[in-house]
Amino acid sequence: MSLRTRRVFLSGIGALLLAGLGAVVMVTTHLRPEPGGRSALAIGGPFTLTASDGKTVTDRTFRGKWLLVYFGYTYCPDVCPTMLNDMAEALTTLGPLADKITPIFVTIDPARDTPEVLGKYVKSFDPRLVGLTGTPEEIAAVAKEYRVYFRKAPTGKGADDYLMDHSSILYIMGPDGGYVSLMAGEQKPAEIAARLRQLLTQSS
Amino acid sequence: MRTLIIAFAVTFGLAGTALAQSGSAPSPTPSITVVAPWARATPAGARNGAAYMTIENKGKEADRLLAVTTPIAKMAEMHRTENAGGVMKMLPVDAVDLAAGGQAVFKPGGYHVMLMDLKQPLAEGQSFPMTLSFEKAGRIEVSVKVEKLGASGSGMNAMPHDMGGMKTN
């Protein structure tokens, strides 16, 4: 092999090695876990919503407490009452540990779920439950951050005749506002309580 | 004499008709039974509610539940909650089939009677009437018992997996 060919050959190998190294660095950086050992999944984020007393709240309003967040709507006859009841029962099971947790119900039907409607609704389940609503834009923004799917499902011809299809997931956020974990599908109160107890005691 | 014959004929004719009618009357043992119809107490301000029950078909013929009505709501519809890959949908149901010897269970997370636009809130402890219309069995009226908010079953419903939530601490 001539000198020139060898040089070209070696440069080629060098370039390949660099590219490979670059790729490795890129991939591992992406996969590096968040500090605190949490998942790298980007769930949650800043939000501005309206509480049932009409006051504006943001994500920062809830710092310092663990959050148990569920997205639903008050016209939901079956799934949402089940979940809200299970959340309330789970907190009751936890006893004093529940003081570190704020359960939140965010509506994905802000047109019908006004602050007043939402407030009365959540209080029926538990005095600790916080109901949050907002403008359609604010709700769309927070739903997007939590990767919540929701869509109107008309049931009749009237403007008010609709139900909502929506994803049904319980989100657990940490006291610093960061995403910690989620529970999908049907969850019994005992399971929710056990998971919360595990997370709260292992982090202290 | 002729009057007597006519009288007899009319009497027998009427009697015959009466007998024929009673021959097509429904059988004494109903094949469709509705077990423990119950509903959840509604949260304050809720406009929709849900009723649940178990329908048993002990007869030899299949039947279908076609419609449900109740005076406590503007409309009642049969719906089915479906979890489609994490997304909860409520699908309206046209009719619920009841195979001979089979049953249909309406419970939270599954089939339910959606009570739309309630005329009054459902309060724990009260009862309200509900009429189920079957294709063959006709109309059956039941009294629906309202259980507590978020209840997972009627007190009378001893379903094994519901017992899991009923812990006595």
Side-chain angles (χ1 to χ4, degrees), chain A residues 71-90 92-93 95 105 112-114 116-126 129 131 147-151 153-156 158 160-169 182 184-191 193, chain B residues 39-52 72-93 106-118 121-124 146-153 161-169:
Chain A
F71 291 77
Y73 66 115
T74 72
Y75 273 66
C76 176
D78 189 50
V79 173
C80 302
T82 303
M83 185 58 95
L84 289 174
N85 179 70
D86 291 348
M87 284 165 75
E89 273 189 35
T92 306
T93 308
F105 182 56
R112 290 187 299 199
D113 292 344
T114 63
E116 208 200 324
V117 164
L118 208 50
K120 283 201 304 187
Y121 186 84
V122 297
K123 291 299 178 236
S124 299
F125 291 95
D126 196 289
L129 204 49
R147 315 267 187 94
V148 171
Y149 169 85
F150 65 99
R151 199 174 79 144
T155 54
D160 226 29
D161 296 338
Y162 62 91
L163 297 170
M164 303 291 293
D165 293 342
H166 63 100
S167 48
S168 180
I169 300 177
L182 61 79
E186 246 182 84
Q187 303 292 341
K188 292 253 150 59
E191 290 167 345
Chain B
R40 283 172 166 167
T42 44
R47 302 286 296 280
N48 293 344
Y52 310 94
I72 209 153
K74 277 223 186 96
M75 247 173 67
E77 271 182 11
M78 298 180 292
H79 278 249
R80 185 169 61 89
T81 296
E82 189 188 82
N83 186 339
V87 177
M88 303 311 272
K89 291 179 191 246
M90 285 238 302
L91 307 168
V93 171
F106 284 57
K107 64 178 200 273
Y111 283 102
H112 53 278
V113 176
M114 197 163 107
L115 309 168
M116 295 157 81
D117 228 339
L118 287 165
L122 301 181
E124 183 184 351
V146 183
E147 304 286 347
K148 75 172 178 71
L149 184 69
S152 56
H161 55 86
D162 275 348
M163 298 298 270
M166 287 160 53
K167 288 206 167 71
T168 41
N169 286 53

Hey, mind stepping through B/Asp117 and A/Asp160 against side-chain contact (heavy atoms from CB on, under 4.5 Å) and telling me if it holds?
CA-CA 11 Å; B/Asp117 228 339; A/Asp160 226 29; over 6 Å; no

Do B/Asn83 and A/Ser168 pass the side-chain contact (heavy atoms from CB on, under 4.5 Å) test, and can you show the C-alpha distance, the side-chain angles, and the key distance before you say yes or no?
CA-CA 9 Å; B/Asn83 186 339; A/Ser168 180; over 6 Å; no

Here the pair of heavy atoms bringing A/Pro77 nearest to B/Asn48 is CB-CB, 4.2 Å

Chain A contact via B/Pro92 - which portion, at a heavy-atom distance below 4.5 Å
neither

Just to verify, what does B/Tyr111 make a ring pair (Phe, Tyr, Trp, His ring centres under 6.0 Å) with, not counting sequence neighbours?
B/Phe106

For A/Tyr149, is it the side chain, the backbone, both or neither that has a heavy atom under 4.5 Å from a heavy atom of chain B?
side chain

Can A/Leu163 and B/Met114 be said to form a side-chain contact (heavy atoms from CB on, under 4.5 Å), step by step?
CA-CA 11 Å; A/Leu163 297 170; B/Met114 197 163 107; 3.6 Å; yes

Looking at chain A, which one of B/Leu115, B/Leu149, B/Thr42 has the largest number of heavy-atom pairs inside 4.5 Å, strictly under?
B/Leu149

For B/Arg47 and A/Thr74, test the side chains for any donor-to-acceptor distance below 3.5 angstrom and give the result as yes or no.
no

Closest non-hydrogen contact found for B/Ala46 with A/Tyr121 is CB-CE1, 4.2 Å

Residues of residues 74-82 of chain B contacting chain A, heavy-atom criterion under 4.5 Å, by residue number:
B/His79, B/Thr81

Counting only heavy atoms closer than 4.5 Å, note whether A/Ile169 contacts chain B via side chain, backbone, both or neither.
neither

Rounded to the nearest 0.5 Å, how far does CE of B/Met88 lie from OG1 of A/Thr82?
8.5 Å

Heavy-atom count check: over 12 atoms from other residues, nucleotides or ligands less than 6.0 Å from A/Glu191 CD?
yes

Which bit of A/Met164 comes within less than 4.5 Å of chain B, counting heavy atoms only: side chain, backbone, both or neither?
backbone

Interface moiety of A/Asn85 toward chain B, non-hydrogen atoms closer than 4.5 Å:
side chain

Given A/Cys76, A/Cys80, A/Ala184, A/Ser167, the one with more heavy-atom pairs under 4.5 angstrom with chain B than any other is A/Ser167

For side-chain contact (heavy atoms from CB on, under 4.5 Å), just list the numbers for A/Val79 and B/Met90, CA-CA rounded to whole Å, side-chain angles, deciding distance to a tenth of an Å, and then say yes or no.
CA-CA 9 Å; A/Val79 173; B/Met90 285 238 302; 5.8 Å; no

Output yes when a side-chain donor or acceptor of A/Ser124 lies under 3.5 Å from a complementary backbone atom of B/Ala44, and no otherwise.
yes

For the candidates B/Gly110, B/Ala84, B/Ala151, B/Pro43, which exhibits the highest count of non-hydrogen atom pairs separated by less than 4.5 Å from chain A?
B/Pro43

